[in-house]
K.L.:
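Dropping the structure in here first, questions after.
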Amino acid sequence: MTALERAISYLSVKPRTRSQVAAYLKDKGCSEDETADTIARLEEYRYIDDMEYARMYTESGFAKGHGESRIRRELADKGVDSNTVDDVFYEFENEGMIPNQFQMALEVGRSVLGDLKLNDMEYEERRKMEGRIGRRLISRGFETSVVYSVIRELEE
């Protein structure tokens, strides 16, 4: 099987980044030249497009309730360079497509609380719940300032 055939097969499952395809081909024993030629060809045919991948991934991340920092970190983990990620976030911001991070985080915080109220809890229980909410929000990729603002809001 040629490098191009391997790459197309790999891409047929789901979209991938340039970096992911390169790593896959390397793992399959393809040479650096063969990998570079294959990736160039795939980019020419637009089978690989890191900018489009980042757009789709960012939109999907926001739809799942993830914060901006988590989406940025995951894109970096997938090999998308920081300039491409910055460009995508700039586009989303200009088009008004970035959801309000505070409102998203507040919804998550309320879902953790359920029917409970922070003000009705004893001190220790409230601190544990605040920690639980904070950890959930941080894991979702919300900035620390947003986490503190949400906890303050939930205390009212």
Side-chain angles (χ1 to χ4, degrees), residues 1-114 129-154:
M1 187 180 263
T2 68
L4 183 60
E5 290 169 335
R6 286 182 192 278
I8 290 173
S9 175
Y10 184 58
L11 288 167
S12 70
V13 176
K14 66 180 184 178
R16 315 274 183 168
T17 66
R18 175 184 228 277
S19 178
Q20 289 173 316
V21 173
Y24 176 79
L25 292 175
K26 182 181 177 187
D27 288 347
K28 294 297 179 185
C30 297
S31 70
E32 285 185 32
D33 289 340
E34 196 176 22
T35 298
D37 291 344
T38 299
I39 288 177
R41 221 164 147 192
L42 291 169
E43 287 178 326
E44 181 183 330
Y45 296 141
R46 296 201 44 141
Y47 286 122
I48 299 175
D49 183 342
D50 280 2
M51 179 68 93
E52 186 57 32
Y53 182 92
R55 283 185 192 111
M56 290 186 312
Y57 197 89
T58 300
E59 191 173 330
S60 173
F62 284 140
K64 292 177 184 174
H66 295 165
E68 184 177 328
S69 64
R70 177 173 175 172
I71 295 168
R72 286 179 176 274
R73 183 179 63 249
E74 289 176 353
L75 284 169
D77 290 346
K78 292 177 180 301
V80 179
D81 71 89
S82 62
N83 289 334
T84 301
V85 174
D86 289 342
D87 289 347
V88 167
F89 274 90
Y90 181 77
E91 282 178 20
F92 272 58
E93 191 173 312
N94 283 340
E95 294 173 17
M97 294 175 60
I98 295 182
N100 182 304
Q101 297 292 286
F102 174 77
Q103 289 301 321
M104 284 176 58
L106 187 57
E107 286 178 33
V108 173
R110 285 183 176 144
S111 73
V112 172
L113 266 178
M129 183 57 79
E130 288 170 350
R132 185 173 170 202
I133 292 167
R135 286 187 300 279
R136 174 79 56 90
L137 294 175
I138 292 293
S139 75
R140 289 271 187 116
F142 293 102
E143 299 294 328
T144 308
S145 60
V146 173
V147 173
Y148 285 120
S149 295
V150 165
I151 291 173
R152 276 194 305 274
E153 177 74 18
L154 292 172

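Residue numbers count from 1 along this sequence. Quick note: numbers below take in every heavy atom, side chains included, and nothing from hydrogens, waters or symmetry partners.
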K.L.:
Could you go through residues 2-12 and list every donor-acceptor pair under 3.5 Å that involves a side-chain atom there, pairing it with any protein atom two or more places apart or in another chain?
P.N.:
unit_1: Thr2; atom_1: OG1; unit_2: Glu5; atom_2: N; d: 3.1
unit_1: Thr2; atom_1: OG1; unit_2: Glu5; atom_2: OE1; d: 3.4
unit_1: Glu5; atom_1: OE1; unit_2: Thr2; atom_2: N; d: 2.9
unit_1: Tyr10; atom_1: OH; unit_2: Arg16; atom_2: NH1; d: 3.3
unit_1: Ser12; atom_1: OG; unit_2: Ser9; atom_2: O; d: 2.6

K.L.:
Can a donor-acceptor pair be found between the side chains of Asp81 and Thr84 at a distance below 3.5 Å?
P.N.:
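Yes.
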K.L.:
Enter the distance from Met1:CE to Cys30:SG here, rounded to the nearest 0.5 Å.
P.N.:
10.5 Å
K.L.:
Which heavy atom of Val108 sits nearest to which heavy atom of Arg140, and what is that distance?
P.N.:
CG2-NH1, 3.5 Å
K.L.:
Does CZ in Arg41 sit with more than 12 non-hydrogen atoms of other residues, nucleotides or ligands closer than 6.0 Å?
P.N.:
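Atom CZ in Arg41 is not packed in, count stays at 12 or less.
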K.L.:
Nearest 0.5 Å please: distance from the OG1 atom of Thr17 over to the CD1 atom of Ile48.
P.N.:
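These two atoms lie 8.0 Å from each other.
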K.L.:
Is Arg72 salt-bridged to Glu68, cutoff N-O under 4.0 Å?
P.N.:
yes
K.L.:
For the residue pair Arg136 and Ser139, what are the closest heavy atoms and their distance?
P.N.:
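Of all heavy-atom pairs spanning Arg136 and Ser139, the closest is O-OG, 2.8 Å.
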K.L.:
Out of curiosity, Glu93 CD to Asp86 CG, how far, rounded to the nearest 0.5 Å?
P.N.:
11.0 Å
K.L.:
Using a 4.5 Å cut-off on heavy atoms from C-beta on, say whether the side chain of Lys26 contacts that of Thr35.
P.N.:
no
K.L.:
Does Tyr47 have more than 12 heavy atoms from other residues, nucleotides or ligands lying within 6.0 Å of its OH?
P.N.:
no
K.L.:
Would you say Ser60's side chain and Met56's backbone share a donor-acceptor pair under 3.5 angstrom?
P.N.:
no
K.L.:
About how many Å separate CZ of Arg152 and OH of Tyr148, when rounded to the nearest 0.5 Å?
P.N.:
9.5 Å
K.L.:
Look at the aromatic rings of Phe89 and Phe92 and report parallel, tilted or perpendicular, splitting at 30° and 60°.
P.N.:
tilted
K.L.:
Any side-chain heavy-atom pair from Arg55 and Glu59 closer than 4.5 angstrom?
P.N.:
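The answer is no, as the side chains (C-beta and beyond) never meet within the 4.5 Å cut-off.
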K.L.:
Between Glu74 and Lys78, is there a salt bridge with N-O shorter than 4.0 Å?
P.N.:
no
K.L.:
Contact between Leu106 and Leu154 at the side-chain level, heavy atoms closer than 4.5 Å - yes or no?
P.N.:
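Yes, their side chains come closer than 4.5 Å.
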K.L.:
Does Leu137 reach the side chain of Val146, with side-chain heavy atoms less than 4.5 Å apart?
P.N.:
no
K.L.:
Are the side chain of Asp50 and the backbone N or O of Arg18 linked by a donor-acceptor pair below 3.5 Å?
P.N.:
yes
K.L.:
Output, in order, the C-alpha distance, side-chain angles, deciding distance and verdict of side chain to side chain contact (heavy atoms under 4.5 Å, CB included) for Met97 and Phe62.
P.N.:
CA-CA 9 Å; Met97 294 175 60; Phe62 284 140; over 6 Å; no
K.L.:
Do the side chain of Gln103 and the main chain of Asn100 share a donor and acceptor less than 3.5 angstrom apart?
P.N.:
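It does not hold such a pair.
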K.L.:
Output yes when a side-chain donor or acceptor of Arg135 lies under 3.5 Å from a complementary backbone atom of Gly131, and no otherwise.
P.N.:
yes
K.L.:
Within the 4.5 Å heavy-atom criterion, are Glu43 and Asp49 side-chain neighbours or not?
P.N.:
no
K.L.:
Between atom CD of Glu52 and atom CZ of Arg46, what is the distance when rounded to the nearest 0.5 Å?
P.N.:
7.0 Å
K.L.:
For a 4.5 angstrom cut-off between non-hydrogen side-chain atoms, does Arg70 reach Arg73?
P.N.:
yes
K.L.:
May I ask you to test the Phe142-Val150 pair for a side-chain heavy-atom distance under 4.5 Å?
P.N.:
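When only atoms from C-beta onward are counted, Val150 and Phe142 do not touch, as no gap falls below 4.5 Å.
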K.L.:
Could you give the distance from CG (Asp37) to CG (Leu25), rounded to the nearest 0.5 Å?
P.N.:
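One gets 11.0 Å once the value is rounded to the nearest 0.5 Å.
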K.L.:
Do any N or O atoms from the side chain of Ser69 and from the backbone of Gly141 form a donor-acceptor pair under 3.5 angstrom?
P.N.:
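Present.
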K.L.:
With a 4.5 Å cut-off on side-chain heavy atoms, are Tyr53 and Gln20 touching?
P.N.:
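Yes, at least one pair of side-chain atoms sits under 4.5 Å.
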